[in-house]
Each structure stands twice: as structure tokens, then as C-alpha cells.
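Report on one structure; see the data block that follows.
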Amino acid sequence: MTTHDAPQQPRALHRTGPCEFGGLPAVHLRSPDGAQATVLLQGAHLVSWIPAGDEEQLYLSPETVLDGHTAVRGGVPVVFPQFSDTGPLERHGLARTRTWTLEQATVRGEHAFAVLTLEDDAETRALWPHAFTLELTISVDRRRIEMELAVINRGDTPFEFQAALHTYLACADVRRAQLEGLLDQNYHDKVLDQPRQQWIDVVTIAQELDRIYWESPRQLLLREVGRKVEIRQTAFEDTVVWNPGPERSAALPDLPDDGWLGMLCVEAAQIGNPVRLAPGEEWTGMQTLEVQT
Ligand code: TA6
């Protein structure tokens with residue numbers, strides 16, 4: 001599989017604990033059976049996932065800017081509290097460009113996991129006037145990775161938010177990939193800016209595709225020759241499927257012209273029904289990826 005190898009890919013033999021990735025502070029996970037993942041402190045951004053005995057499963061643009069504050073192109077950006085440009089905040093909200101705190105990185109039983117948190121500060125409150133804690137827990141073992149996002153309202157007034165785990169899956173050639181499991185689903189086609197329904201049972205990519213599937217199934221399958229990745233989500237109600245296609249790929253400065261061929265975003269998302277959290281309440285959503293044999 002071609003993953004459009006990024007020069008920043010981690011060396012294979014890191015152990016679980018703090019590391020550097022492309023010069024940025026990160027944490028590396030390695031389970032006893034050899035599954036690995038690397039997460040930047042910026043954005044709690046997962047940039048690499050290699051199941052045991054397998055190869056890289058995430059797309060990371062070789063042209064992404066790794067400067068500690070510019071949004072990273074690829075991996076798994078954490079979107080919060082605003083999806084895309086649906087509100088007044090910067091695109092996809094304020095979590096992906098901020099530095100999170102590494103709370104824990106350890107191996108327990110068969111799993112290696114890390115917990116990262118982000119709390120409001122004067123800067124976030126100036127943009128979005130709420131007291132919150134985000135907690136992202138990433139756990140790997142064998143052929144599976146789990147990403148769990150918790151949102152806690154620490155203030156004394158309710159707030160509403162959208163969120164997503166904006167997963168860029170690597171593809172050998174996206175034109176030959178199939179995403180299964182969305183038959184009959186209603187979606188908003190962002191390219192056409194129209195509501196639509198999925199009439200055929202697979203989604204394939206030949207050009208730009210940008211869709212929000214509403215209240216989507218909790219389990220999908222990405223199928224390529226010789227590879228199957230199961231994509232599951234809990235609590236996240238919607239699923240976004242995005243590929244920039246050739247024209248947008250060429251227009252995006254942090255993506256190679258042919259970058260679109262190597263990626264497919266399948267995002268566990270909460271967009272249509274923003275979550276309302278009362279003071280002290282917590283919401284948790286999860287995306288799980290598992291490579292099938
Ligand atoms: O989740 C899909 C999407 O909102 C697309 O519309 C596309 O623009 C993509 O996210 C990437 O957004 P970004 O802000 O990272 O360039």
C-alpha cells in the first residue's frame with residue numbers, strides 16, 4: 001500500500017511514552033503485541049496508527065505544516081466546538097490548534113493508551129465563553145484503535161457544541177476503494193449544497209465528495225484490494241465522508257496535487273443535533289477502527 005509516506009513517520013521501535021514527531025512534542029504508544037500509534041500534543045492529534053504486524057493506516061500529508069499551531073493535514077483532527085464553517089469560530093473550532101496536556105501514557109494488559117486533556121483558558125474564553133474540559137483517550141491493541149472524546153461542562157451555564165473525529169484513512173488508490181454501509185441514508189451534499197439520499201450500497205470516489213450523513217449507521221467498512229477496515233462509532237450521530245478530489249487537492253497548499261488519491265476521510269461527527277450540556281454534565285463519543293484479516 002502506498003501511504004504517500006510523510007517524512008515525519010515515526011521510527012518503528014519507540015516505546016510507550018513521550019516522544020517527538022516532526023520536531024513537535026508527542027506521545028508514542030506501543031502495545032505488547034506491537035500495535036503502535038503516535039499522538040501530537042498539538043490538538044491531541046493522532047498522526048500515525050500501525051496495527052500489529054501491519055502498515056500505516058492513516059494518511060498524513062507530506063506537505064503538512066508542523067509548527068505547533070497550524071492545523072495538521074491528515075491523521076485525526078479533533079473538531080470542537082464547531083464543525084467546519086457552521087459558526088463564527090475558526091474552521092473546525094479551537095481544539096485542533098491548541099496544545100493539550102498529556103495526563104497518562106501507559107501499557108495495561110494488552111493495551112497501550114494515552115489520555116490527553118484540554119481546558120478553557122483566557123484565549124479560548126475570548127473566542128467561546130465557556131468553561132470546559134476535553135479528554136481524548138486513545139487506546140491500541142492488536143488490530144484495533146479506539147478514540148474516545150469526552151466533553152465536560154465545568155461552568156455554571158449550559159453550552160452547546162458540535163464535535164468530530166476527522167479521520168483521514170490512508171488508501172492505496174482511493175478510486176479503487178469502496179465505503180460500505182450507507183445504503184438508504186440521508187445526507188447533505190456539501191459540494192452541491194443539497195439534501196440527498198444514498199441509493200447505491202457503496203460510496204466510491206472519482207472527484208471531490210463532501211457529505212454529511214445524518215444519523216448514520218454505527219458501523220461501516222472501507223474495502224480495498226487486500227484490506228478491510230471496520231469503522232465504528234458510538235454516541236456520534238452523524239458521519240462525514242470527504243475527499244477533496246483533484247482540483248481541491250491541487251488548490252490546498254498543504255496537500256500534494258495527487259494527495260486525494262491516498263486518503264479518504266470518514267469522520268465520526270455530531271453536527272445536526274449539537275449536544276447541550278448542563279453545568280457538571282459530561283458527553284462521550286467514540287470512534288473505533290479495526291483492520292480485518
Ligand atoms: O469534514 C469535511 C470538511 O469540513 C470539508 O468540507 C473539508 O474542507 C475538510 O473538512 C477539511 O477542512 P480543513 O479546515 O481541515 O481544510
Side-chain angles (χ1 to χ4, degrees), residues 4 6 40 42-47 58-98 127-128 147 149 161-171 174 177 179 182 185-196 198 203 205 207-216 220 222 231 233 236-274 285 287 289:
H4 295 243
L40 297 177
Q42 180 198 322
H45 198 124
L46 179 70
V47 286
L58 300 180
Y59 177 79
L60 181 65
S61 170
E63 294 178 8
T64 194
V65 177
L66 293 176
D67 61 7
H69 50 86
T70 301
V72 172
R73 176 72 61 201
V76 184
V78 175
V79 172
F80 174 88
Q82 170 190 299
F83 178 76
S84 188
D85 53 3
T86 55
L89 300 177
E90 59 191 282
R91 283 177 60 80
H92 290 318
L94 45 78
R96 65 175 176 168
T97 48
R98 290 193 155 66
L127 297 164
W128 194 66
M147 295 166 273
L149 178 68
F161 67 87
Q162 298 169 314
L165 296 170
H166 192 305
T167 303
Y168 287 70
L169 289 159
C171 293
V174 76
L179 183 65
L182 289 164
Q185 297 302 304
N186 292 318
Y187 63 88
H188 178 69
D189 188 318
K190 281 179 72 182
V191 178
L192 302 173
D193 194 19
Q194 279 177 13
R196 292 270 161 145
Q198 179 72 36
V203 176
I205 308 290
Q207 57 194 359
E208 182 180 7
L209 183 138
D210 196 352
R211 297 177 179 175
I212 307 173
Y213 288 87
W214 304 116
E215 299 183 7
S216 48
L220 305 176
L222 175 67
I231 304 155
Q233 63 189 56
F236 286 105
E237 292 178 341
D238 310 319
T239 301
V240 179
V241 182
W242 178 60
N243 181 287
E247 285 87 17
R248 277 204 73 198
S249 200
L252 285 167
D254 56 358
L255 204 56
D257 290 359
D258 67 350
W260 69 285
L261 293 172
M263 57 165 277
L264 182 64
C265 285
V266 183
E267 310 166 28
Q270 187 72 27
I271 301 168
N273 300 314
Q287 188 187 49
L289 309 174

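Numbering of ligands and ligand atoms starts at 1, following listing order. As a basis for the values below, the full set of heavy atoms in this structure was taken, side chains included, without hydrogen atoms, waters or symmetry mates.
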Under 3.5 Å, is there a donor-acceptor pair between the side chain of Q287 and the main chain of A164?
no
Which part of E208 is near ligand 1, with near meaning a heavy atom under 4.0 Å away: side chain, backbone, both or neither?
neither
Between the main-chain N or O of G74 and the side-chain N or O of H45, is there a donor-acceptor pair closer than 3.5 Å?
yes
Closest to atom 2 (C) of ligand 1 among protein heavy atoms sits E267 OE2, 3.5 Å
Would H166 count as a polar contact of ligand 1, with the cut-off being nitrogen or oxygen pairs under 3.5 Å?
yes
Nearest non-hydrogen protein atom to atom 8 (O) of ligand 1, with distance, is R91 NH2, 2.7 Å
Any R96 heavy atom less than 4.0 Å to ligand 1
yes
Is it the case that the side chain of D238 and the backbone of S216 share a donor-acceptor pair, with hydrogens and angles ignored and the cut-off at 3.5 Å?
no
Relative to the heavy atoms of F83, which atoms of ligand 1 are at a distance of less than 4.0 Å?
1 (O), 4 (O)
Checking Q42 side chain against R96 main chain: does a donor-acceptor pair fall under 3.5 Å?
yes
Please identify which atoms of ligand 1 are closer than 4.0 Å to at least one heavy atom of S84.
4 (O)
List the steps, then state whether side chain to side chain donor-acceptor pair (under 3.5 Å) holds for Q82 with Q162.
CA-CA 5 Å; Q82 170 190 299; Q162 298 169 314; over 6 Å; no
Please determine which of Q185, Q198, E267 meets the side-chain hydrogen bond (donor to acceptor under 3.5 Å, both in side chains) test together with Y213.
Q198
From V240, N243, D210 - option closest to atom 6 (O) of ligand 1 by heavy atom
D210
Using a strict cut-off of 4.0 Å, indicate which atoms of ligand 1 neighbour a heavy atom of K190.
4 (O), 6 (O)
Aromatic plane relationship, F161 with F80 - under 30° parallel, 30 to 60° tilted, over 60° perpendicular:
tilted
